[in-house]
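So you know, we letter chains A, B, ... as the sequences are listed, proteins then strands, and number each from 1. The basis for the numbers below is simple: all heavy atoms, side chains too, and nothing from hydrogens, waters or symmetry mates.
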Amino acid sequence: MEYNFRAIEKKWQQQWKESHAYKVSNDSPKPKCYVLDMFPYPSGAGLHVGHPLGYIATDIYSRYKRLKGFNVLHPMGYDAFGLPAEQYALETGQHPAVTTTQNIKAFREQLDNIGFCYDWDREVNTSDPSYYKWTQWIFLQLFESWYNRINAKAEPISTLTAIFEQEGNSRHACPGDRQRTFTAAEWKNYSEKEQREVLMQYRLAFLDYAEVNWCAALGTVLANDEVINGVSERGGFPVVKKKMRQWFLRITEYADRLLTGLETVNFSDAMKEMQRNWIGKSQGAEVTFSVKGSDHTIEVYTTRPDTIFGVDFVVIAPEHELIQQITSAEQKAEIEKYLEYVQSRSERERMADVKQITGCFTGAYAINPLNGHEIPVWTAEYVLAGYGTGAVMAVPCGDQRDFSFARHFNIPITNIIGDAFNGEEANPTKDAKLQNSGFLDGMDMKPAMDAVIDKLEEMKIGKRQINFKMRDAGFSRQRYWGEPFPIVFKDGIAYPLDEKDLPLELPHVDQYKPGEEGEGPLANITDWVNVAPDVKRETNTMPGYAGSSWYFLRYMDPHNSTTFADRKATDYWNQVDVYVGGTEHAVGHLLYSRMWTKALYDLGHIGFDEPFKSLINQGMIGGSSRLVYRIRGTQQFVSHGLKDQYETDPLHVDVNIVDGLELDMEAFKKWKADYAEATFILEDGKYICGVLLEKMSKRLFNTVNPNDLVNKFGADTFRMYEMFLGPVEQSKPWDTKGIEGVHRFLKKLWRLFADENKGLIVTNDAATPEELKILHKTINKIDGDTSSFSYNTAVSQFMICVNELATMKCNKRAVLEPVLILLTPYAPHFAEELWHLLGNTTSILDAAYPVYDESFTKESTFNYPIAVNGKTRTEMGLPLDADNSALEKEVLASEVVQKWLDGKQPKKVIIVKGRMINVVI
RNA sequence: GCCCAGAUGGCGGAAUUGGUAGACGCGCUAGACUCAAAAUCUUGUUUCGGCAACGGAGUGCAGGUUCGAUUCCUGUUCUGGGCACCA
């Protein structure tokens, strides 16, 4: 009876499907556990071995928790809206819905092959109208809400209009327009249009004209995190600034809660740090500088108010409206020229040359409010209009950028930190004593910060101010393959669709070209756009992260047609206990879904305000490319070891036709027509390839399809090998060769149960103490490692256990059966097959997890390493219950220690019970 | 430039409240079985010296603390990731 993994895996996958073994109920007396994978975008390329790493990890965890008596939710679905499907549609004319369906089918087959325990009845697909109905519904919730800063939560817009009618907006500053104030009487006098325009400035989902990252090549606007170094993340096309009417989510209102919420979740420090950096909270002050000879004032934002006596100039952003008003007549032409130059600079250029210092003097002078000094006002592109107040006070002795600027334009530098400033570079210290600083002289910088702000507040020319780097999130795409907005415009005012009219389905189009003004393809369907003579639909669609911002909630109650998820279901499943996915979503997806969760919580739709209790970031699996060396100008290929004797060009070769390092030469000739005539120079009769570690990518011929490995070794081997590679969080290179070791392990374990000729050889004999010892050591190790996602060491322990049992020739049910249960999360088909061969009639998926009993692993003696001066010299088996003086006596008497003592007396003997003994001479 | 993480055999990696460095696997080595191959089993495998016993060195590099450091501290180099005119 051989280990016939193909038949076994097929049989049990079928059986589990028929018995609905993975069906999960929302109604269970068991404790719940929610284990989630970041759902994939179903690309046409399919899965390679890097993708399932996280899925296998969560699958093992889910099965483990189930064995431990939990009701485990472990769902899977598809993030199916997205650019590639649409790009593909543009190229081939195939409808994205069609290609997406095909891709999903292919993904599903690959996933099923690996034997995951997903409850497929709960599958979600973000492009399915029954799903995006609720994406649209949540969008309307955001549209119909505002953020009440006093209560620190989102509230329905009706509470805001009630406030306006009572007291205007005096206590609720307008987040979209800081200057805007009105009284209750004024509010009531506004026309409907005016009122709705005001409300738009408060809504959590709102329209605004804003400069956005316009990518002409993609015909779309990109989020900040989709633009890398001024080019689009996808495709690498240039991105420029363009003013467009866009939907936004007012995520900035949640900045503080997104920050403090991090303290309540279990993410890695690196992940939290990335989110903190993205949110970018800074504490400082706003200071008003008056402009000499005019009524204008300049508001600057600074995080270092303590350095205010070191201000040598003020810089305002080129986009700042004040520029036109304060520029002197003499500088007018110069400024115009500079502004024109800045206008011509794309974001990309401004980012590319960070070393280049540019700027222009406005001719105006500001007055330092604390010492009355007149200082020049400059404009420079390094100051951004969108951050803080769009103006900075420059302190060259303390800020390198200001220092370089002052040097470049010959602006005199004031030193306020004495010896701490060397005149050659700025010193951004916070630990110096202030000099040259009026009433701050002699003060330490840190307390001076508060002293300055107090003074400014007293003088009514400044105040404490907290700023965030984070901007509101752009929520429109000029694209077809996304959720349509449930919005119509009447007279240019946005109105929501009625809830009963959801979902607003994506209409069919025959072509995917952008609209005339760069709008999405929907703009071309005039009878869809024009609902009534003066009523038009929104033609943008939602971005990729819309559907993924709440999908974890839909899994809880996926077929509900009256709400996005029943409150009973969300209360039961609550937060995701473990979320596993790649770091690439560290900032975007996680922040958006955290914000949506908080908004839904504020509005009373769910009972928790952080979606993911803990997060594990799986490492990337790198590709291990194989290279062949072609002698230049020939079709002759030379083996790696001999290549230096020739002039060669390295070429990538498909890793699937290389066994370890040895090239399959016949397969190589067939691989590409170019190589049909290839000849080889061999070493030891073999062609040995070179190795290069790089990204796993089709282009580099280093991708490995899980299907091939499952075919060759079985899903159980594949699952265990992926885990055996190393810690889940760590990035590591793929090496197909190593899988054989894991496969051997499973076969070896199989042979403890069954013999090729005799069949099942398991006995009911009682286990020996040695057998029980290894069993319980294994139970302890596997239990601990599995619960902590340390699967690589768990697989090692299985191997150690099987090696020992094989040496003992142990075929006893009392030992093997518990091992089988331990193995179930890792190799479920294998375990279930043998479980049934042992005569069990129920499924091993619900077996009782073995319990560790320490009494079987207790030792009475310990093999102490005996060190002399810290260096291990020998080992001695000594009783664990002996007292120190007895141990010392025995150790000193030993031959080896005597040899090292060489007649001398030891200075000291250090005994760590159960660890080691060190003799100091 | 700033922030974070890391650096251990030929390779993936194991071991940190400071206590036998290199578990487990791959690869390689020698052997058994076989006409042969596959499969399986056995042997060795950090490195240097030595037939061996044994001894020297050894966790990126340089120091330090300690009876004892892969683990803690200081400095430094390199690699990976993130952020980047953010005031």
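- A distance of about 15 Å separates the C1' atoms of B:rG60 and B:rG80, rounded to the whole Å.
- Within the 4.5 Å cutoff, the side chain of A:Gln275 has heavy atoms near those of the A:Phe267 side chain.
- B:rG6 is paired with B:rC78 under the criterion used here, namely a Watson-Crick or G-U wobble arrangement in which both key atom distances are under 3.5 Å.
- Nearest-nucleotide positions on RNA chain B place A:Ala867 closer to the 5' end than the other of A:Ile910 and A:Ala867.
- In summary, of the residues considered (A:Leu370, A:Val452, A:Asp450), a side chain to side chain contact (heavy atoms under 4.5 Å, CB included) with A:Pro305 occurs for A:Val452 alone.
- Across all strands shown, B:rA21 forms no Watson-Crick or G-U wobble pair with both distances under 3.5 Å.
- Remark: A:Arg744 is in phosphate contact with B:rC26, judged by side-chain N or O atoms under 4.0 Å from OP1 or OP2.
- Taking the O4'-C1'-N9-C4 or O4'-C1'-N1-C2 dihedral as appropriate, B:rG31 has a value more than 90° from 0 and is therefore anti.
- With both ends at atom P, the span from B:rA23 to B:rU47 equals 12 Å, rounded to whole Å.
- In the interface, the side chain of A:Asn277 is not paired with the base of B:rC83 through any donor and acceptor atom under 3.5 Å apart.
- For A:Tyr721 and A:Trp734, the distance between ring centers is under 6.0 angstrom.
- Ring geometry for A:Trp378 against A:Phe405 counts as perpendicular: the plane angle is over 60°, on a 0 to 90° scale with 30° as the lower cut.
- Spacing between B:rC61 and B:rC67 at atom P, rounded to whole Å, works out to 25 Å.
- Atom CD of A:Glu2 is surrounded by 12 or fewer heavy atoms from other residues, nucleotides or ligands within 6.0 Å.
- Remark: B:rC33 base-pairs with no nucleotide; criterion is Watson-Crick or G-U wobble with both hydrogen-bond distances under 3.5 Å.
- Taking atom C1' on both nucleotides, B:rA14 is separated from B:rG22 by 8 Å, rounded to a whole Å.
- The nucleotide B:rG55 finds its pairing partner in B:rC48, both defining distances of the Watson-Crick or G-U wobble pair being shorter than 3.5 Å.
- Spacing between B:rU45 and B:rU34 at atom P, rounded to whole Å, works out to 28 Å.
- Look at the C1' atom in both B:rU76 and B:rA7: the space between them is 14 Å, to the nearest Å.
- Of the listed nucleotides (B:rG13, B:rU40, B:rU20), B:rG13 has the atom at the smallest distance from the side chain of A:Gln730.
- Under a cut-off of 6.0 angstrom, the local environment of CE in A:Met876 is crowded, with over 12 non-hydrogen atoms contributed by other residues, nucleotides or ligands.
- Straight-line distance from the CZ atom of A:Phe713 to the P atom of B:rC26: 12 Å, rounded to whole Å.
- A:Ile866 has its side chain within reach of A:Val897: a pair of non-hydrogen atoms, C-beta onward, lies under 4.5 Å apart.
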Just by protein heavy atoms under 4.0 Å, how would nucleotides 4-9 of chain B read 5' to 3' in B, S and -?
S-----

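- For B:rU42 and B:rA52, the P atoms lie 25 Å apart once the distance is rounded to whole Å.
- Aromatic rings of A:Phe5 and A:Phe713 (six-membered ring for Trp) have centroids beyond the 6.0 Å cut-off, not under it.
- Pairing for B:rU65 is absent, with no Watson-Crick or G-U wobble pair whose two atom distances lie under 3.5 Å.
- When the P atom is compared between B:rG18 and B:rG68, the two are found 16 Å apart, to the nearest whole Å.
- Proximity of A:Gln797 to the phosphate of B:rC24: no side-chain N or O atom is located under 4.0 Å from OP1 or OP2.
- Under the Watson-Crick or G-U wobble criterion, with both distances below 3.5 Å, B:rA87 has no partner in any strand shown.
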Reading nucleotides 54-59 of chain B from the 5' end, what letters show protein touch, with B for base, S for backbone sugar-phosphate only, - for no heavy atom under 4.0 Å?
SSSS--

